[in-house]
Amino acid sequence: MKVFAAPVWALIREVTDSFALALRSQPGSLDPERARFQLQHYARCLSEAGLVIQRLAGDENCPDGCFIEDDCVILADSTAVLTRPGEPSRQLEWPLVAQALEGLLTRLDRMQAPARLDGGDVLRVGDLLLVGLSGRSNAAGAEALAASAAPLGLRVLTVPVAKGLHLKSCMTLLAPDRMLILAGSPRPEDPALSQLSWIETEEPAGANVLALGRTVLVSAAASSTWTRLQAESDLVLRRVDVSEFHRADGALTCLSLRLPAPDTWCV
Ligand code: CIR
């Protein structure tokens with residue numbers, strides 16, 4: 001069975017006190033202190049999977065800044081695109097992210113209006129980028145991404161997102177040839193996806209896993225998914241409590257930006 005090459009580096013962003021005001025679809029309070037504790041454990045899991053972690057300071061004007069995946073799409077070890085997040089309040093998040101990436105990459109593109117795109121809507125499967133058209137990401141965003149990705153031999157397939165915040169709220173890759181999907185979500189169709197095996201989960205918190213090579217992080221809120229994935233014996237599963245981030249509609253992938261090793265790709 002195939003497994004991913006582990007990413008080499010990850011960027012995570014500190015939780016601010018203003019996280020208490022982060023965007024969320026359900027009412028309820030958010031606890032920045034608890035979120036910090038959970039992010040600490042998340043970072044430790046990435047580090048134990050072999051990634052070098054860089055931590056970026058938070059900005060109190062950006063309550064959702066810790067959901068850093070939405071600010072950028074890393075296309076290769078040397079190339080990335082700064083997105084233009086769909087929520088105006090999140091369009092202030094990019095400058096520090098850009099600063100952290102500039103030294104590492106040879107090309108850093110930046111999306112402009114009318115493009116809107118959250119990184120949570122981008123799911124790479126080999127040379128195909130699935131791009132969710134959600135409440136946050138539009139066709140102009142998908143086109144801008146396609147223009148940056150084309151020189152790398154990557155193409156874009158847009159996928160409507162009917163349920164959940166982002167495409168990756170309802171599907172993520174466990175391994176290059178295995179997709180986990182929330183039951184009832186439409187499966188994208190493309191010849192490049194014909195070799196995928198699909199594993200369904202009934203748990204919304206279970207559909208977003210983070211594959212870091214052989215290690216796969218699974219939300220502690222997804223116990224049935226955890227049990228189901230025990231059958232994938234070539235993977236090392238790690239349970240991570242991100243409940244405070246779930247309360248703000250976040251999941252595992254959105255808490256970091258990951259850089260693949262040269263000539264490999266990752267989620
Ligand atoms: C938002 O609504 O933008 C944040 N509260 C959550 C973003 C989660 N991002 C992600 O799953 N990629």
Side-chain angles (χ1 to χ4, degrees), residues 10-32 34-36 38-39 42 46 56 58-74 80-94 97 111 116-124 129-138 141-142 145 159 161-173 180-182 185 201 203-211 217-219 221-222 240 242-258 266-267:
L11 191 60
I12 63 173
R13 191 158 194 187
E14 302 296 354
V15 173
T16 52
D17 290 341
S18 61
F19 175 75
L21 304 172
L23 298 164
R24 54 191 180 278
S25 55
Q26 302 298 323
S29 62
L30 296 170
D31 180 349
R34 196 170 145 80
R36 280 185 196 109
Q38 293 180 350
L39 188 63
Y42 173 91
L46 267 59
L56 210 56
D59 174 345
E60 291 296 343
N61 294 315
C62 300
D64 289 284
C66 56
F67 300 111
I68 192 168
E69 178 185 59
D70 293 325
D71 296 322
C72 184
V73 178
I74 295 188
V81 189
L82 291 165
T83 60
R84 185 168 172 271
E87 269 292 329
S89 68
R90 302 204 56 193
Q91 290 168 9
L92 308 171
E93 293 171 9
W94 67 272
V97 180
M111 285 185 190
R116 287 196 295 116
L117 189 100
D118 282 8
D121 275 318
V122 182
L123 173 54
R124 179 166 175 175
L129 297 170
L130 299 176
V131 178
L133 298 181
S134 65
R136 299 290 178 89
S137 302
N138 63 10
L145 184 68
V159 182
V161 177
K163 250 198 307 192
L165 184 61
H166 293 127
L167 179 66
K168 281 191 285 199
S169 313
C170 57
M171 64 186 83
T172 43
L173 283 175
L180 188 62
I181 185 167
L182 185 62
S185 306
T201 175
E203 295 170 310
N208 184 284
V209 292
L210 176 54
L217 309 192
V218 181
S219 167
V240 187
V242 283
S243 54
E244 211 52 38
F245 300 104
H246 285 329
R247 287 153 66 83
D249 304 318
L252 289 162
T253 58
C254 63
L255 293 172
S256 58
L257 275 173
R258 289 120 354 231
C266 63
V267 290

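By convention here, the first residue in the shown sequence is residue 1. Counting convention: from 1, in listed order, for ligands and their atoms alike.
- Residues E69 and S256 bring no donor and acceptor atom of their side chains to less than 3.5 Å of each other.
- Taking 4.0 Å as the cut-off between side-chain N and carboxylate O, R136 and D121 do not count as a salt-bridged pair.
- Every side-chain contact (heavy atoms from CB on, under 4.5 Å) that A248 has, sequence neighbours left out, goes to F19, A22, L30, F67.
- In this structure D17 satisfies the salt bridge (charged side-chain N to carboxylate O under 4.0 Å, His left out) test together with R36, sequence neighbours excluded.
- With sequence neighbours excluded, no residue forms a salt bridge (charged side-chain N to carboxylate O under 4.0 Å, His left out) with R116.
- In this structure, ligand 1 sits under 4.0 Å from heavy atoms belonging to L23, D64, F67, E69, D70, R90, G120, R136, L165, H166, A248, D249, G250, C254.
- D249 and S25 are linked by a side-chain donor-acceptor pair at a separation below 3.5 angstrom, with hydrogens and angles left out of the test.
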